[in-house]
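Worksheet: one structure, shown below.
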Amino acid sequence: MIGYEWTAVKFFWYLFFTFFSMLYFTLYGMMTVAVTPNYRLASIFSSSFYAIWGLFSGFYMPHPMVL
């Protein structure tokens with residue numbers, strides 16, 4: 001819908017990055033649960049890192065300034 005090329009190579013790159021992104025988010029959450037004494041502290045600790053990862057991942061693109 002936004003003009004991406006419809007090739008098999010780009011589709012498999014998309015699947016690769018999506019799978020491994022979900023994998024490291026999941027494994028990071030499991031690591032914080034294993035390292036911290038309880039799951040409540042792990043959720044607080046991991047949510048702060050998820051916010052930082054989301055901030056610097058490139059999904060939040062600033063709008064151009066209109067003068």
If you draw a 6.0 Å radius around OH in Tyr50, do more than 12 non-hydrogen atoms from other residues or ligands fall strictly inside?
yes
Heavy atoms from other residues, nucleotides or ligands near CE of Met30 exceed 12 (cutoff 6.0 Å)
no
Measure across [X] and [Y] and return the closest heavy-atom pair with its distance rounded to 0.1 Å.
| X | Y | value |
| --- | --- | --- |
| Thr26 | Met22 | OG1-O, 2.8 Å |
| Thr36 | Ala42 | OG1-CB, 3.1 Å |
| Ser46 | Thr32 | CB-OG1, 3.8 Å |

Give me the one residue out of Tyr14, Phe19, Trp13 that meets ring pair (Phe, Tyr, Trp, His ring centres under 6.0 Å) with Phe17.
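For Phe17, the ring pair (Phe, Tyr, Trp, His ring centres under 6.0 Å) test succeeds with only one of Tyr14, Phe19, Trp13, which is Trp13.
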Hey, mind stepping through Tyr24 and Phe20 against ring pair (Phe, Tyr, Trp, His ring centres under 6.0 Å) and telling me if it holds?
CA-CA 6 Å; Tyr24 77 74; Phe20 281 103; 9.2 Å; no
Look at the side-chain heavy atoms of Ile, Leu, Val, Met, Phe, Trp and Tyr, link any pair under 4.5 Å apart, and say whether Val35 and Tyr28 land in one connected group.
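They do share one cluster, since a chain of ILVMFWY contacts under 4.5 Å joins Val35 to Tyr28.
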Do the side chains of Ile44 and Tyr39 join up, straight or via other hydrophobic residues, at under 4.5 Å, putting them in one cluster?
no
For the side chain of Ser43 and the backbone of Arg40, is there at least one donor-acceptor N/O pair under 3.5 Å apart?
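A pair under 3.5 Å: yes.
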Backbone of Phe45 reached by a side-chain donor or acceptor of Ser48 within 3.5 Å
yes
Under 6.0 Å between ring centres: does that hold for Phe12 and Phe16?
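No, too far apart.
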